[in-house]
> 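Dropping a structure here in structure tokens format, bear with me for questions.
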Number of protein chains: 2
Amino acid sequence: MAVTLQQIADKAGVSRGTVDRALNNRGRINPEVEERIKRIAKEMGYQPNRAGRALAMSRHSIRIGVILQSIDTPFMQQVKDGVEAAKEEVQRMGAEVEIKEIGGIDASAAIAYMEEMRESGCNAIALVPSEDEFLKTTVDTFVQDYQIPVVTFNSDIAGSKRLCFIGQDTLQSGKAAAGLMSEIVCTHGKVLVISGHPTNQGHKNRAKGFVEELKACRPDVELLDMKYAYDDDWAAEKIVEEALHNTEELAGIYLTASGVEGVCKVIEHYGMAGRVKVISNDLTGKNEEYLKKRTIQFLLGQDPFAQGNNSVMILFHKLFDGIEPDKEYNYTEIVIKNRYNI
Amino acid sequence: MAVTLQQIADKAGVSRGTVDRALNNRGRINPEVEERIKRIAKEMGYQPNRAGRALAMSRHSIRIGVILQSIDTPFMQQVKDGVEAAKEEVQRMGAEVEIKEIGGIDASAAIAYMEEMRESGCNAIALVPSEDEFLKTTVDTFVQDYQIPVVTFNSDIAGSKRLCFIGQDTLQSGKAAAGLMSEIVCTHGKVLVISGHPTNQGHKNRAKGFVEELKACRPDVELLDMKYAYDDDWAAEKIVEEALHNTEELAGIYLTASGVEGVCKVIEHYGMAGRVKVISNDLTGKNEEYLKKRTIQFLLGQDPFAQGNNSVMILFHKLFDGIEPDKEYNYTEIVIKNRYNI
DNA sequence: TTGAAAGCGCTAACAT
DNA sequence: ATGTTAGCGCTTTCAA
């Protein structure tokens, strides 16, 4: 049986309450006694029993708020699955989780939900943010003035006082894609990068990482001018069509964001599947279909489930165990999928 | 606050004890009352509180035994890390985990440890097995006669009565490797498969999956006769050297097991790094080095951490929550790594 | 500054 | 067949 508070108390010749005060730095204790108890606890290899703690703390329930944006995308559904799983788990430890969903991007809705959560007694908030100055200010206010820790996940708010970020290292993801492209694209072919929104940090980073690394690995291939599809299939379609008309040597396409269906339709229409190598992001239904059909060669995943799950768990651990996240940037794995390991 | 046994008892007009008997099928209860209570519990959305249960059960402590073989390999160390992490976690829920390590392969040592664990009161065992008829019989005896569930992980014992297997789908892993090779190997090149031991199921499956799938995808490439390196670098070195001498068109090497260093030394010596594509398995130190250096193009991982972790957690959930694993084969992810996402 | 005790949700032994 | 109760390890309040 593991070491208990009582055993430490016995050995130290004090009561359970005193040991508790010592080990949890609650004050109102003789510093010397505190030292001694801490030493004894360490010697005995004390590990607090989570069950006991959970039970005792279940009166002052932990309450975590989660705000998801763009919930109408299949990708965000996967993030939500991770949140739901974490919710189940921490609920069984006596905590509560409140999930709010926003269709599309709406910073003011997010702010409204944050206020609502504060009023309903949330002790912490996990947020999928969007780029908005007022949202950033709100986050800072929550952290500093209200002492409510906020973590961002999937996207980040650069320069804010959020506790940490959970999501992909998009720059590195772009590089990984370049590594793949450099292996599969034919000599002296031309490669097209189609990004999403010019303002989106994630898209921008992926494109940057890709271009940087492809230039380094494959100086022989020519990078065409970057295009933006604005997450739109029709736009992507037009871009690819134009590229195919302008050069016979289109050898590869890297897509930093949505638009896969548009790209693949054109590729298939011109019978170029497998000849023009396509690499894209996120393991959503359509993407996987085209991967299986071999119109896409590789998909890069960002483990959306882990993003949702870890966000809640990091907050839970902070509130429950008092353990701060060890890193400011908690990157989820860069997952490489071909048609055999989806 | 979540629903408690007491709330259900109040609503049903019975005592906590009765509700407990009803929901946990402990018998000694009026079937009609049992039905009614179960219905009410469902209506109220009852989820047993893990903390309460853990605390109450901590008297009759759960004890899980883990037996690792080939612990002297870096790969198995990663499996062990997963076991250790799970140990920490379940210990904090009041359970105990006993880990035994075996250097190399030694079925009789494994059997001896199993007996030892049974005597020391283990309720369940997780085992990295080896192919041995007596070990198989022992596992069956434990499961059937002693009612001690056993799971196998990393390797399986085909046809035994173990509860389930946690590890890689090696056939599919071989196919994934073939998918990669088919994308990166040049036209009409020759590909060499170097396997480990001819008797090892995992190695055999990987080779089979690879050959099958490469033939299907790339009928233009010629597969050289399969060789066995017996997990030995020197043997692998000789094999590659010979292959390089016999053909100028060696374009790819797939390694199902150990021997990477031998392979890479030769490749580098002849200045063929990057020209002969190398795909191998497992993310161990040496492998990663050669991946970074670009002598290896891809490594396939089998998430050893998850193998160790999940094995313990599956047993814990069975003993603690009474939840059987949902699948007989719990495959860990087939991880693809290039030099950018290690 | 410290000790004593109640109570969190659940299980299991005991009582009815 | 059902009710009652002690107790798991911990936190927190109240008393000393």
Side-chain angles (χ1 to χ4, degrees), chain A residues 1-38 41 44-62 90-96 123 319-322, chain B residues 1-38 41 44-62 90-96 123 319-322:
Chain A
M1 180 74 75
V3 184
T4 70
L5 277 192
Q6 185 63 64
Q7 291 173 28
I8 298 172
D10 291 346
K11 189 160 270 181
V14 295
S15 72
R16 286 210 319 263
T18 304
V19 177
D20 177 57
R21 281 190 287 270
L23 297 183
N24 295 291
N25 309 305
R26 297 193 208 282
R28 301 187 313 157
I29 189 175
N30 185 330
E32 294 167 28
V33 176
E34 177 167 343
E35 258 336 291
R36 198 162 59 85
I37 291 176
K38 281 186 170 169
M44 299 177 74
Y46 174 70
Q47 286 276 81
N49 181 309
R50 310 198 82 197
R53 166 171 286 179
L55 218 41
M57 299 211 330
S58 55
R59 316 184 200 194
H60 324 275
S61 190
I62 287 176
V90 304
Q91 268 183 347
R92 306 194 79 194
M93 297 291 287
E96 294 171 73
N123 323 87
L319 296 175
F320 185 80
D321 299 306
Chain B
M1 182 73 73
V3 184
T4 70
L5 277 193
Q6 185 63 64
Q7 292 174 28
I8 298 173
D10 292 346
K11 188 160 272 180
V14 295
S15 74
R16 284 210 320 266
T18 305
V19 177
D20 177 54
R21 280 189 288 268
L23 298 184
N24 295 291
N25 308 304
R26 297 193 210 281
R28 302 187 312 156
I29 188 174
N30 185 328
E32 295 167 28
V33 177
E34 177 167 343
E35 258 335 291
R36 199 161 58 85
I37 291 176
K38 281 186 171 170
M44 299 177 74
Y46 174 71
Q47 287 277 77
N49 181 309
R50 311 198 85 201
R53 165 170 287 181
L55 220 41
M57 299 212 328
S58 55
R59 315 183 202 194
H60 324 275
S61 190
I62 287 176
V90 305
Q91 268 183 347
R92 306 193 81 193
M93 298 292 285
E96 292 173 73
N123 323 86
L319 296 175
F320 185 79
D321 298 307

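Proteins get letters first, then strands, A, B, ... in listed order; numbering begins at 1 in each. Quick caveat, the model's predicted, so the values are computed rather than measured.
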> Which whole-number value in Å describes the distance from B/Glu32 CD to D/dT2 C1'?
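After rounding, the gap between these two atoms is 15 Å.
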> Does B/Ser15 have a side-chain nitrogen or oxygen under 4.0 Å from the phosphate oxygens OP1 or OP2 of D/dT2?
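Indeed not, no polar side-chain atom of B/Ser15 lies that close.
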> With a 4.5 Å heavy-atom cut-off, do A/Asn24 and A/Arg53 have their side chains touching?
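Heavy-atom side-chain distance check passes, below 4.5 Å.
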> In whole Å, what is the span from the CG atom of B/Asn30 to the C1' atom of D/dG3?
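One finds 15 Å between C1' of D/dG3 and CG of B/Asn30, rounded.
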> Write down the distance between CG (A/Leu55) and C1' (C/dG9), rounded to a whole number of angstrom.
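That distance rounds to 5 Å.
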> Rounded to whole Å, how long is the line connecting atom CG of B/Leu23 with atom P of D/dT2?
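Those two atoms, CG and P, are 14 Å apart.
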> Return the set of residues passing side chain to side chain contact (heavy atoms under 4.5 Å, CB included) with A/Gln91 (not counting sequence neighbours), or none when no residue passes.
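Testing A/Gln91 for side chain to side chain contact (heavy atoms under 4.5 Å, CB included), a comparison that skips the adjacent residues, returns A/Lys87.
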> Salt-bridged, A/Lys38 to A/Glu34, with N to O below 4.0 Å?
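So A/Lys38 pairs with A/Glu34 through a salt bridge.
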> Using whole Å, what does the distance between atom C1' of nucleotide D/dG9 and atom CE of A/Met93 come to?
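Distance, rounded to whole Å: 12 Å.
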> Quickly work out the B/Asp10 CG to D/dT2 C1' distance and round it to whole Å.
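From B/Asp10 CG to D/dT2 C1': 16 Å.
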> Among A/Met57, A/Met93, A/Glu96, which residue satisfies the side-chain contact (heavy atoms from CB on, under 4.5 Å) criterion with A/Ile62?
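Of A/Met57, A/Met93, A/Glu96, side-chain contact (heavy atoms from CB on, under 4.5 Å) with A/Ile62 is met by A/Met57 alone.
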> Please give, in whole Å, the distance from C/dC10 P to B/Asn49 CG?
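It is 5 Å, rounded to the nearest whole Å.
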> For A/Asp321 versus A/Arg50, what's the shortest heavy-atom pair and its separation?
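Minimum heavy-atom contact is OD2-NH2, 2.8 Å.
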> Of the non-hydrogen atoms in A/Gly94 and A/Ser61, which two are nearest, and what is the gap between them?
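Heavy-atom minimum between the residues: O-OG, 3.2 Å.
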> Between B/Gln6 and A/Glu34, who's closer to the 5' end of DNA chain C by nearest nucleotide?
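The residue closer to the strand's 5' end, by nearest nucleotide, is A/Glu34.
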> What string of B, S and - do you get for nucleotides 11-16 of chain C 5' to 3' if you count protein non-hydrogen atoms under 4.0 Å?
BS-B--
> Would you mind reading off the distance between B/Arg50 atom CZ and C/dC8 atom C1', rounded to a whole angstrom?
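Whole-Å distance recorded here is 17 Å.
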